[in-house]
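What follows is a short report on a single structure.
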2 protein chains.
Amino acid sequence: MRYDRSQLFKSAFVYLITTQSPNKTMKEVVPVSCSLCNKSSISSFKDLSEEEIGKLSQSKTCSFFKKGQILMHEGARAAGVFCIHSGKTKLYRMGTEGREQIIRFAQGGELVGYRSVLSGEPLSASIEALSDTHACFIPKALFFDFIQTNPKFSLEMMRLACHELGEAGKLITNLAQKSVRERVAEVLMILKDTFGETEEGYIDVSLTREEIASMVGTVTETAIRILSEFKESGIVILKGRKIQIVQPKELLRIAQIFD
Amino acid sequence: MRYDRSQLFKSAFVYLITTQSPNKTMKEVVPVSCSLCNKSSISSFKDLSEEEIGKLSQSKTCSFFKKGQILMHEGARAAGVFCIHSGKTKLYRMGTEGREQIIRFAQGGELVGYRSVLSGEPLSASIEALSDTHACFIPKALFFDFIQTNPKFSLEMMRLACHELGEAGKLITNLAQKSVRERVAEVLMILKDTFGETEEGYIDVSLTREEIASMVGTVTETAIRILSEFKESGIVILKGRKIQIVQPKELLRIAQIFD
DNA sequence: CCTAGAGAATGACATTCGTCAACTTAGAAG
DNA sequence: CTTCTAAGTTGACGAATGTCATTCTCTAGG
C-alpha cells in the first residue's frame, strides 16, 4: 500500500495554539505535517524519505504538556517515542529514598523514550516538562518500521544511542571522582552549553536549586552554599533562578576541565 | 561475489594454544572458524547467517593479550571491534589526576569497541586484560556491512547499546546518591553476578583493592577499610584478593537494594 | 623456591559534605 | 495585584571520607 502524497498537501495546514498570559502573548506553531516542521532538519528524522515523513505525519499524535507534567513514567513500558517540538524536559530516575537524579535534558528536535523502545525494557527514567512543551508521539510500530526499512535512519539511531553511552561514561567518571564543588562548576558550564544564553546573558533555563543539586548528586543546601560562594567570588551573578556566568574560565579551572 | 561455503569446511580445523604454568596445564581453544566457536551462540553474532559467519571467519584476526595488556586505548579511533573469546577485561576511563574509573567489564562472548565504531567517535575508554585473554578483531568495514545488510543483527546491536545505556543510568544514580559504604556493598554483589563463583565459593575474578576502589569511585584506603569492616562483621571472607560473600542478604540491605 | 616491588593494612588527622533547624524570599495561582 | 506556599538561605554540628605516613604482606616473575 503506497502512501498517497497528495494527502500530504491536503492536510498541510497549520495549527495555531495561542496561550495568553498577563504580560506577553506567546504563539506556538505545531505543523500538522512533519514535512513542514522546522525541527525535522535537526532531529534524527532528517534521514527519512518524503514518503516516510508522510507516514509519520499521519501516525503521530501531537500533545501539549504544561510545566511540571510527566510525559512518560519510569518503570512503564514505552508504547512509542516522543519527538520534542518545543519546550524543555528533564529525564530523571528515582534513587534511594525518593531522591531524584537528573540523567539528561531534552528539548526541541530531540527524541525521548527511544532507549526503552529499542531495548524492549521498561523506561529507565521519567520525563517531565521543565517548561510548557509540545511533543509528538510516534507509535512503537512505526518507529520499528522505519528502523527495519531505512538503514540510514537505523544507523543514525545507533549513532545517537552510542553517543549518549559515551556521554554517560563521562558523567560516571565525573560523579565518581570529582568533588561536589567541581561538579557544580561543571554543571553550570554544561547548562550554558545545553540551553544557551538569553539576551541579558543568563543561562536560558529555569531550574530550582533542588534540581541543580539532583544533577550534581548532592543536597539542596550544599548546592546553594557553593553557588553563593561562586557569587561572592564574582564568578557568577545570581538573580533568583536566573544564572549568569561571568568568569567561564574560572569555572572551567574549578571544574578541572582542561581540554 | 558470493561466499563459497566449501571454504568454511576446508578451514574448519582448530588451533590449540597450550600455556604451561608451574602447577597446572591450561588449554585454550580458539577455533579458526567462527561457526565452531562456542561463543557465537551467546554473542551478538548469533543473528548472523552462515554466510556471514563465513565472512567473519575470513576477516577476523585472533589475538592474545597477557594480563595487564591493553586491547584498545582511550582517545584512539577504533579500527574495528573485539569479540572476547576467553578471559576477563575491564573498560575504564582516565579521570582527573590520572585516576582510573572502571565503567564496565567484558568477558567471553562479549563485544568491545562497538560504541566508538558506531558513533564514529574516539574510544571513550581503554580496554585492559584482567587475565590472559583471547580476542578476535573484526574490522570496522565488515561490522558495518553486517549492520547495513542484516536488520536482525542491526537491531540486536541497538538493543545492546540501549540496554547498556540503561545500565549506565543506574550506575549514575548510584554514584550520585549512595554513600561509599553502600556502593562497596553493591559492587560486591555486582561482581558476584558478573563473574560467578569458583567451586570454593569465591567470586571468580582477581581485582586489586585499587580496582575495587575505582569501580566505586573512592580511594584505595577507604575501600580497604570498608572491606575490613564487612569482614569483621562476618559478611564476607577475605583471602588476599579472593572474596567470598557469606551474607548476601546483609550486603543487599547495606546497599539499599530492595527489589 | 626465592625475592623485589607492588599491593594491603592501619593510624592520625584534615576536610568535605550531609543533617537538622530556623528563618527569609520569591514565584505561581487566583 | 495579592497572597500563600514552596523554594531559598544560613548557621551549627557531626559523620563520612580523603590525605599522608608507616608498616606489613602477598604475588608475580625469575
Side-chain angles (χ1 to χ4, degrees), chain A residues 19-24 26 66-69 95-100 129-132 175-185 202 205-214 216-232 236-243 254 256, chain B residues 19-24 26 66-69 95-100 129-132 175-185 202 205-214 216-232 236-243 254 256:
Chain A
T19 309
Q20 298 287 346
S21 71
N23 296 328
K24 57 188 173 186
M26 185 180 66
K66 275 175 63 176
K67 175 176 177 169
Q69 278 191 308
T96 44
E97 298 164 45
R99 261 174 68 194
E100 153 180 323
L130 286 173
S131 61
D132 290 359
L175 285 169
Q177 301 197 350
K178 289 185 180 177
S179 69
V180 174
R181 204 177 100 99
E182 290 168 337
R183 282 181 266 154
V184 171
Y202 292 107
V205 66
S206 175
L207 297 174
T208 66
R209 299 293 192 252
E210 191 178 0
E211 283 169 330
I212 291 175
S214 75
V216 169
T218 185
V219 293
T220 313
E221 295 94 321
T222 302
I224 288 171
R225 272 184 249 270
I226 292 170
L227 284 175
S228 300
E229 182 215 316
F230 289 168
K231 181 184 176 182
E232 294 308 313
V236 300
I237 291 173
L238 304 176
K239 283 266 191 299
R241 291 189 191 162
K242 293 188 293 183
I243 300 175
I254 293 172
Q256 304 247 44
Chain B
T19 309
Q20 299 287 348
S21 70
N23 297 328
K24 56 188 173 185
M26 185 179 66
K66 275 175 63 176
K67 175 175 178 172
Q69 279 192 307
T96 43
E97 298 164 42
R99 261 174 68 194
E100 151 179 324
L130 286 173
S131 61
D132 290 359
L175 285 169
Q177 301 196 351
K178 289 186 179 175
S179 69
V180 173
R181 203 177 101 101
E182 289 168 337
R183 282 181 266 154
V184 171
Y202 293 108
V205 66
S206 174
L207 297 174
T208 66
R209 299 294 191 253
E210 191 178 1
E211 283 169 330
I212 291 175
S214 75
V216 170
T218 186
V219 293
T220 311
E221 295 94 321
T222 302
I224 288 172
R225 272 184 247 270
I226 292 170
L227 284 175
S228 300
E229 182 216 317
F230 289 168
K231 181 185 176 183
E232 294 309 311
V236 300
I237 291 173
L238 303 176
K239 284 266 191 297
R241 289 187 194 162
K242 293 187 294 183
I243 299 175
I254 293 172
Q256 304 246 42

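- Summarising the geometry, the separation between CD1 on A:Ile254 and P on C:dT16 is reported as 13 Å, rounded to the nearest angstrom.
- In this structure, CD of A:Glu211 is placed 8 Å from P of D:dG8, rounded to the nearest angstrom.
- Listed in residue order, the members of residues 219-230 of chain A having a heavy atom less than 4.0 Å from DNA chain D are A:Glu221, A:Ile224, A:Arg225, A:Ser228.
- For A:Glu100, the salt bridge (Lys or Arg N to Asp or Glu O under 4.0 Å) partners at least two apart in sequence or on another chain are A:Lys90.
- Rounded to whole angstrom, the span from the CZ atom of B:Arg209 across to the P atom of D:dG18 amounts to 17 Å.
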Write down the protein N/O and nucleotide N/O pairs, taken from nucleotides 25-29 of chain D, whose separation is under 3.5 Å; answer none if there are no such pairs.
{"from": "D:dA28", "atom 1": "OP1", "to": "B:Lys67", "atom 2": "NZ", "distance (Å)": "3.3"}

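- Every residue meeting the side chain to side chain donor-acceptor pair (under 3.5 Å) condition with B:Glu229, not counting sequence neighbours, appears here in chain and number order: B:Arg181.
- With sequence neighbours excluded, the residues satisfying side chain to side chain contact (heavy atoms under 4.5 Å, CB included) with B:Glu182 are B:Lys178, B:Ser179, B:Gln256.
- Side-chain contact between B:Ile237 and B:Ile243: absent, with no pair of heavy atoms (C-beta onward) separated by less than 4.5 Å.
- Residues that satisfy the side chain to side chain contact (heavy atoms under 4.5 Å, CB included) test with A:Leu207, not counting sequence neighbours, are A:Phe105, A:Leu130, A:Leu191, A:Val205, A:Glu211, A:Ile212, A:Met215.
- Counting to the nearest Å, the P atom of C:dA9 and the CD1 atom of B:Ile212 are 10 Å from each other.
- For the pair A:Leu238 CG and D:dT10 P, the computed distance is 10 Å after rounding to whole Å.
- Note: NZ (A:Lys178) to C1' (C:dT16) measures 17 Å, nearest angstrom.
- When the side chain to side chain donor-acceptor pair (under 3.5 Å) test is applied to A:Arg209, no partner is found at least two apart in sequence or on another chain.
- Taking atom CD of A:Gln177 as the reference point, atom P of D:dG18 lies 11 Å away to the nearest angstrom.
- Residues satisfying the salt bridge (Lys or Arg N to Asp or Glu O under 4.0 Å) test with A:Arg241, not counting sequence neighbours, are none.
- Residues forming a side chain to side chain contact (heavy atoms under 4.5 Å, CB included) with B:Val219 (at least two apart in sequence, or on another chain): B:Glu221, B:Thr222.
- A residue-by-residue look at A:Lys231 and A:Ala176 shows that A:Lys231 has its nearest nucleotide of DNA chain D further toward the 5' end.
- Between B:Arg183 and B:Leu175, the shortest heavy-atom contact is NH1-CD2, 3.6 Å.
- In the helix from C:dC1-D:dG30 to C:dG30-D:dC1, the terminal helix axes, each the rotation mapping four pairs' C1' atoms onto the next four within five end pairs, subtend 80°, rounded to 10°.
- Residues forming a side chain to side chain contact (heavy atoms under 4.5 Å, CB included) with A:Lys67 (at least two apart in sequence, or on another chain): A:Asp132.
- For A:Ala185 against A:Ile254, the heavy-atom pair with the smallest separation is CB-CG2, 3.8 Å.
- Protein atom CZ of A:Arg181 is 16 Å distant from nucleotide atom C1' of D:dG18, rounded to whole Å.
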